[in-house]
Structures are given as C-alpha cells and as structure tokens.
Amino acid sequence: MVFDEQLLSSHGVTAEEYARIVDALGREPSLAELGIFSVMWSEHCSYKSSRVHLKTLPTTGRRVLQGPGENAGAVDVGDGLAAVFKIESHNHPSFIEPYQGAATGVGGIIRDIFTMGARPIALLNSLRFGSLREPVVRRTFTGVVAGIAGYGNSIGIPTVGGEIGFDESYAGNPLVNVFCLGIARGDEIIRAAATGVGNPVYYVGAKTGRDGIHGATMASAEFDETSSEKRPAVQVGDPFMEKLLLEACLEAMRTDALVGIQDMGAAGLTSSTCEMGWRGRAGIEIDVALVPQRETGMTPYEIMLSESQERMLLVVKKGREREIEQIFEKWDLHAVQIGEVTDDARLRVKADGVVVADIPNEALTDGAPVYRRPMQAPAYLDGVRHLAFEALSAGAPGEVFRALLASPGVASRRWVYRQYDHMVRTNTVVVPGMGAGVVRIKGTVRALALSVDCNARFVYLDPFAGAQLAVAEASRNVACAGGEPVGATNCLNFGNPERPEIMWQFAQAVAGIGAACRALDLPITGGNVSLYNETDGQAVLPTPVLGVVGVVEDAAKVVRRAFQAEGDAVLLLGTSRAELGGSEYLKTVHGLVRGVPPVLDLAAEAALQRLLVAAAAQGLVRSAHDCAEGGVAVTLAECCFDTGLGADVDLPPAELPAAGFEVVGTLFGESASRVLVSTAPSSREALLDAARAAGVPAAVIGRVGGSRIRLAVAGVVVIDEALDDAQRLWDGALERELEPASATP
Amino acid sequence: MRARVYVTLKPSVFDPQGTTVADALHTLGYASVKDVRQGKFFELDIDAASVGDVRRIAQEVADKLLSNPVIESYRIDVESGVQGQAGEGSR
Amino acid sequence: MRARVYVTLKPSVFDPQGTTVADALHTLGYASVKDVRQGKFFELDIDAASVGDVRRIAQEVADKLLSNPVIESYRIDVESGVQGQAGEGSR
Amino acid sequence: MKVAVIVFPGSNCEHDAEFVVREVLGQEAELVWHKDTSLHGADVVLLPGGFAHGDYLRTGAIARFSPVMREVERFARAGAPVIGICNGFQVLLEAGLLPGAMLRNRSLKYQCEQVHVKVEATDTPFTLACSPGQVIRIPIAHGEGNYYAEPDVVDDLERKRQVVFRYCAADGSVSDASNPNGSVHNIAGICSEGRNVVGLMPHPERACELALGSADGLVLFESVLRAVAESSRVAR
Ligand SMILES: Nc1ncnc2c1ncn2[C@@H]1O[C@H](COP(=O)(O)OP(=O)(O)O)[C@@H](O)[C@H]1O
Ligand SMILES: [Mg+2]
C-alpha cells in the first residue's frame, strides 16, 4: 500500500475499500485518484448504505417521465408539461455556517432542476432545529432563514412553503432540506449524459477555488469536537452568478447544440465528469490546467475535489461550439472547453497534458461499494412506547390551547416566510402559511399544490408507521388544496448508519414510505439521503421528509385553509381516536416524546384524499385543513386566523386513553387522516352524500362565525377564546423567541 | 475613544461581491484595477480608561458579534494617533 | 499597489444596522460601547506607477461607483506607509 | 401601446411585467437587454424588479451604467413615461432620474407582504386613472426600500407634489404603524418634476389578477395605457 492508514482514514476509505480501488485500477492509485474514489465512494455520493433499501421504493407510474437516477425526477402534469422536482439536504454545511450553508443548499437544488431543462418556479424547505431557548440555536435559525431568503429572493424563485420542527436532538445538527420544482416541456427534458465521441466538454460558471474540498466526505461522517478544525473553506453562494447560469443554460438548451449538461454539486468536477460519462456509456477526458481557477497553485487533486458553487459541465455537439459560447457570452459568462468525450468509458484527468487520473467510470458509479449494514431494533423503543398517564395531569383545556398556539412547533411561521419572496413570477395562488403552497402553471388552467412534511416524533416512536404518516400527511395537504397527488420525493435524514439501531430506523422508514406510496399510488421520483446526522454519538430524530406534488385541474378551484363565510358548516372528516402518542400536547405540556404514533389506515387515507380532490373540483368545500400538530383544536384556530372568522364547534368525545384525559385527548389528539372542512349550507348535504359514498366518516361539528373560537366536548364548552387574543399568541410567538427586544406583546 | 473593527472575508473564501465590483469596473474601463475585495467596518465609540481597555473591548465584541470566525477575519484600529496593529481575530 | 476605500453613511443619515449592533451589544452587557456605525470598505489592487495615480484612480472609482453621495461619504487610504486623508465624496 | 421591459443581469420580475402587459392588458411588451442601445420604438419604459448585478454593491448602482440607460435617460428627458418598480426604482435613483436613495429596511430584513398604499398624485401617466387618495393593496418584496433624501429634498418633493404613493393603513390613514420599512414621510413612490418618471417600491405587476389575491395594481397599467392613447391622439 502506498498510502498510510492515516491518509486513508482521513479520506474515509477503509482498508477493504482500498483493496477494491487497487482491484478496479489494476494498480495502486495516485493521490488524485484516491481523492476521486474517496468522494465518489462517500456515503453522500454512492448511497452505499442506503442503496439496497432505496431500491424497494415504487418509482413508476402512469405519469412518471423520469424516476430516480437523473438530477431530478419528472412527472407529467398535463398539456405536454412536466413537473421536475427534487429535494436535497444541506445539513452539515448549514451547521458550520448557517447563512452560506443554507444559501448554497438552495443554489444546489435549483441547479439540479434547471439542469433538466426546466425553469424553476417554486422552492420549499423543511427545517429542524434544537430549542430556540439556546442562543446558538437562535443564531443558526436566523442564519439559515436569512440564507434561504438571500439566495432564493435574489435569483427570483418564490419560496411557497415549507415546514419547521424543533427538538433538542437537532441542537448540534440542524436539518436544512430544500425542495425545488420546475416546469419543462415533457419532450424537452435534458438528460445528464455525455455521448458522441469527440464532442467537446465545456466548463461554465464560477471559477474553481479550494472551497468545500471534501464536502461530500464531510457529509458522510458525524460531528465531534474536532470537526471545527477539519472545516474546509466554506462555500459562499453567488446567487447572481447562478441567475446568469440559469438563464444562459435555459437559452442554450433551446438550441439542439447541447448534448448533455450537469451541475457540479457534491464532489464537483469529479462527479459531473464520471456520472455524465457513465450515463452516456462514454468516457470523458479533461485537463485541469484548462479549468478556470480563482486561487493560484491548486493541485489536480484540489481542482477535482473542489465544491465551489455555481458551476456547470456541458457536452456540446462538435462544430456547434460558437453557438453555445455566444449564448454564454451574452450573459457575461465564459464557457471554456476543458476536454472531450472519449470512447473508452473512463474518466481521464490530465494536468498540462500529463495523466494524473485514469479510472473506469463504472468503478466510480455503479461499481461503488454497496453495504447491507447490520440492523437491530433500538433499545429505547421498549421504554418510550409506554405512556404512563397516571403520572400526568391533563391540564386545563384553555391553558393547554394557549400554550400550544404559542409553542414554536405550532406558532405562525410568518416571521420566517415574510423574509422569503413568495410572490415573484406571479404564479403563487396560495402563499406560505396556509397549508400546501399552490402555484399556477401559466399557459394552462392548472395549478400545482406542493407540500413537504414529516413528524419526526412519530418516526422516532415507530419508524415504519411514522414514515407512512409522513407520506400521508404531505399527500393529504396537497389533496386539501384540491390537488391530486401525482409524485413524491424524499429526503432521508438519519444518524450514523454504521450503528445497527440507526440502520434499522432507516430500513423501517424506507419500508414505511414504500408501503404508503404504493397504497396511495404515489411514485417516488427521486430524493436524497443524509446520514451521519449526529453530534458526539447523539443522533437526530429520524427525519424522512416527504415532498409531494399534486395537480389541481382548475386553478380557480383551489381550496384554502381559512374559513370563508359566516354561517358555513364546519365538518370533521375522518375518525378521531384520542391518540396522544408523540403529540405536540405531550411535548409542549409535559416535555415528553412518548407513546405510539396514531394508527394509519392507508385505505381510509386514500379514500379521504380522493374525496377531498373530488369535493374541491365540484366546489363542495369552501375550506379544508388537515389536522396535524395540536389536533382539532389547533386546526380549528388556524382555520379562523386568516380571515378573522370565528367558529363554534362541538366535538363528540373520542374513546378515552385514560381517565381524566378524555377532553384533552379529544381536543389535542393527533389521529391521522382527518380534515376540517367548511361548506356553504347549500352544499352541506351534497358533501355528506359524497363522503358517505366514498366511505369517509363525516360529521357536522359546528358553524363558522363570530369573533371567538369556541370548542365544546359533548356539549360542554371547554375552550372559549377571543379570536384576536388567540391570534396574537400564535402570530407573535416566533418573534418573541427570536427578537425579544423588538417584539410587541 | 473610537475603535474601528475592519472585517474581511478570509483570503481563501470566495467574495462574489468584490468580484462583481471588479467586473463592473472593468466594464467601465478601469482595467488597472486588478482585484477588488469587499469588507465591512464598525466604528465603535467606547467609554474606557485606556487605549488598552478600548482595544480589549473592541476585540471581545469583534469575536462575539461583529465577525464570523468561520469565514471572516478582522483587524482593529484604535483612534489615538497610534496606528492600529493588524492581526487575525482568533479565539 | 493597494488602495482602500472606506464608505460610511453620512452622519445625518440614520444607520439602522449600527443601531441594531449597538442594541445587541448593550443586551450582551457592553454598556461602555456608546455608539456604533457600520460602513463598508473596498480593497482595490491597482496597477499604477505612483501613489498619486493610485489615489486618483481610487478616488474616481469611489465617486463614480463605490459610494452614493446622497447618503454616503468615503475616505481613501493608499497602502504605502502614508496615512490616508479623509474627505467627502462628491460628484 | 408598446412597453419596453428593460432586462439587467439579475433582473427577475421582467417576465411578470411582460405577462401583465401582454396577457392581462393585451398590449405589446418587449424585453430589452441592458446592452441594447435602442428602445425598439416603445411608448413606455419599465424597469422591473430583481437584483441587478446581485445588488452586491448597492441596489441599482452598477445597472445605471448599462448602455441602455443612456436611451432610457433620453426617453425620460423627452417627457415619455418611465416606471421603475422596486429594483427598477432603485436604478432610477442611482441614475439620478429621481432624487433620493434607498437604505436598508429598518427591520434589517427582507420583507415580502401585502401593504396598503395611498395614491397621492393622479397627474402622472401611471396614476391618471386613479381617484385622488385611492388606497390600493399591493405587495412589497424588498430588503432595501427605506427611502431617504435630505430634509430639504423631501420638502421640495412634498411641495411639488412629487410623492405619488404613500404607505398607509387600509383606511388610508398614514402613520408610522403603516410604514413597513422606515421610509421618510412613508414614501412608497415618487415622480420626477416633469411627472413622467415614476418609481415605487411596491409591485403593482404582482397585483393585477384576483387569482393572485389582488388586482389593485392594474390601475397603474391602465393609466399608462390611457396616457399613451391620449398622447398619440394629441400627436395625430
Ligand atoms: N431517498 C431517496 N429516494 C429515492 N431516490 C433517491 C433517494 N435518495 C437519492 N435518490 C436518487 O438517487 C440518485 C442519486 O442522487 P444524486 O443526484 O447523485 O445525488 P445528489 O444530487 O444528492 O448528490 C438521484 O436520482 C436521486 O433522486
Ligand atoms: Mg445532483
């Protein structure tokens, strides 16, 4: 072995993997080659621990135009158009430098979308942080939000939705998942394949610096107290450059002079060259001396591993170079030829003509190691599932209600989304903070409803059930808006897969996602896996975030969550079971994450979602809002807030979980597959008929009106709050946590 | 007394703002401007007995709030006729 | 040679950033920091024969592009041992 | 009517403006690249929102040097209608076509939200279809919309009735509570002395269809359509 153990371990390469490298090359690797292997075989790029599990996900369907394997997935949304979308994590960079980490995360996912030939039209994000009581967490939180805003606003793509969760487990390892969706003509989707021997390979975008070297490897190892020393130069986002790239690339794609294109994301020049070659069953040869460089004295190793942002790799038809170069020049960008397509299926890297790396593409891509890591159910599950109600006191409903409205997990996200431009491009039909984000598709009568969701407490308590619940929730949110769920993407955030308990959580969650997606006929078209989300051996709650896209056939019929008119009937769809396991109630009032998550009947869920889509299309509902954190009580309050219409409802008591908990169980229990809808009195019977026909339990529980939120259980009023007061609590809670000085009480 | 804290991106960190300003200057015909880097500075009016105290407070504040040690370094000048001493912020 | 252009808001213009920093410092217990104003600066690498030329170019560039005379003033330092001279930008 | 929508590198609302002119108003719109030296016979020039040159130096600071700005200046000096929206307003300020400058919002944050704006002057090409004092609900989306000018300049603006839009409450009352960003005198938009150049921070082009929550911004486009029609009738 020419490399010592120390060097291998600093590259995250095991002795066994090193032997495989030697085997693949038929010789010892050069340092540059070792670097290339190390990033391509990192967890982040190779999916070596997750691949066997991901293979079990359903990825096909009537509308799927592109499943996993490209930079993003694509589904047919009618009129010959494709929705191209994906979600990506930027957890580790966001911990090191919240603003830039989050900003470059946004930049990365946008590139994945326009690389496919789609114009990005919407962003969402899913965030997790520790407790806002901690100053460090507040700084991370504000930095991440500012970074997402800074990048998305500048490039002019609206952020139309997202979700934020809090749990102490994320204190040292926040999660920053970003979702982007773009629109392309279905027959014009561009693939990232290099073909045509002799075709020139171009580099365009920002110059290469030493930033982010080993970013992919870093995202493949857990944090410990020495991580801050190992920090690579932090990547700084340049949204202006990306905007130019976006416009220039879309323009170049409209010519037929472009053969293939890929962004340089994780593992930069390395992954883009070998992956494009591999997909095209061709080779790529480049000379790093031709790569535009920002710093002097960069080695081939550094150039190949740099993760400088805002760079693209293009394969152009030979003879058509000028056309492409001119398009980039118009945008003040310089497309530089750095190599060409070869016929030998290898990645060959030269430095001033001298070969420094020469590797079969297969060894770097499909030939990367695949691990079936050992799994074992975690010991914590035994204890944590038992909920000892005897030791708790239920609390006064009114007080619990107010505490929940002001808890960071429930409170209004306005402080956050006000910082995001959510209206640019003039497509946003439903703005953030109102359930699923909805964007219309210009040139058609359709709209897309988008949601990202995961209740990680449920996943922690039961990874299989919790992941199913995440699928159901994201899909249900889309259905509430009147969107037929047509495709999903997922971002799987877990701890260290080398620990059997984590691997078990992961496998269970993937199985849960698969089962739910099959039952709901929802193909997964791509996603991302982020492992090693731990600090000092403490893993984050397992957090498989689901992003679901739904098609609303008539944008004029989009349903919002807010009550619309005085006198409308309030109905609860679905079955309430007084399930408090993993609830916001337990967390906020008792500081507990315990119990079993709500039961999910996938057939009932599917029926509910079909009913919602049909009722929206027929104009039978005036508002619809999914019951999630905080149960019916919080859901009802949220329906009242936007339009300032109060409500008066009476809930039948749910079956008792334990004596004394009937009322809080009914109000704040988080049973799945429930939606609060309102309907005009004239449509009430038709809606009830439709529900009956669909086999969805539906009950009229009250009416819209007045200026109070009044909730009764079995005829006894238990919550009676002035709407204004409730709204003030809910509206200002985040601001009070984040800016105690300037917040008005 | 007045202290000035000058915060710059570390040399290895990409400075898109400076790059954009440099590009603009080239377009305007200032070819002789080879490179631009952008930073920020803070003028602090500090009530303290000695130059040493002022410097100590400025340094603490720079470490804690004014600079981001992950990507930035800083330099402090205390206005007192004495020329400030350059140095990377460190903790 | 290197020129530095320091741009600040004019004293008559309210500086929300500086005020926010000052408030934050007071919350952190730095009562001795009486006032904070924030500015930005540019390090220009200029290829010119003399310190005078460098200063002239820096001044032109500051007037034309780097500062907005409605709200800002600037000061230039040329790195050559010579201490920079303060002055308001004007066009 | 033909509207030239100027596209700077980093503009991002050009398609939104173009969409309103073409699809909502049924008029002609042409995107004009910032390096262009002609306005292609347009009747109206619109500088859209966005982040020209990333807003990296100061908003609008670099864009004002774009070749097309010489044409825009000539067009404006000739008395033809020019409107700058958000970043476009900032470019007009930097170019000296309108007085004043922008500071960061007093919240120090980007703010995207619906606000109310009172139309204070109806004798500009972009407000002549408004009723005096009309309150419109349109969104803002900016981090640096805190309008500032020296006190004597502000007095001058007020005296010459160059304040065209002012942030207000839903009932039209103007107070600090209805000022989203700290602008002096709640100024949301102003016009030139000649009244043909108008700049405003809010985005009327985002409020031209009820499907998007408000159609209150359409009146600006209808105004200029009428202004153009009247001036061509006069010309004939
Ligand atoms: N959780 C997942 N579910 C489905 N597909 C996934 C998942 N994670 C990754 N994939 C797919 O695997 C492929 C490899 O991802 P890739 O684009 O190389 O990674 P990245 O862009 O995250 O660096 C992509 O097509 C991606 O959609
Ligand atoms: Mg990718």
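Chain letters run A, B, ... following the sequence lines, proteins first, then strands; residues in each count from 1. All heavy atoms count here, side chains included; hydrogens, waters and symmetry mates do not.
Heavy-atom distances place both the backbone and the side chain of L44(B) under 4.5 Å from chain C. With a threshold of 4.5 angstrom between heavy atoms, R2(B) does not approach chain C through any atom at all. For a residue to count as touching a neighbouring chain, one of its non-hydrogen atoms must lie under 4.5 Å from one of that chain's; by this rule Y30(C) touches chain B with the side chain only. Neither the backbone nor the side chain of V54(C) comes within less than 4.5 Å of any heavy atom in chain B.
Between E79(C) and M1(C) the shortest side-chain heavy-atom distance does not fall below 4.5 Å. Side-chain contact between Y6(C) and Y74(C) is absent, with no heavy atoms from C-beta onward closer than 4.5 Å.
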> Please walk me through it: do E72(B) and K10(B) pass salt bridge (Lys or Arg N to Asp or Glu O under 4.0 Å)?
Replying inline: CA-CA 5 Å; E72(B) 294 169 333; K10(B) 289 181 183 167; over 6 Å; no
>> Would V61(B) and V5(B) count as a side-chain contact (heavy atoms from CB on, under 4.5 Å) here? Give the steps.
In response: CA-CA 9 Å; V61(B) 155; V5(B) 180; 5.9 Å; no
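Of the listed residues (A3(C), G39(C), A58(C)), the one with the most heavy-atom contacts under 4.5 Å to chain B is G39(C).
No donor-acceptor distance shorter than 3.5 angstrom exists from the side chain of S32(B) to the backbone of I46(C), with no hydrogens or angles considered.
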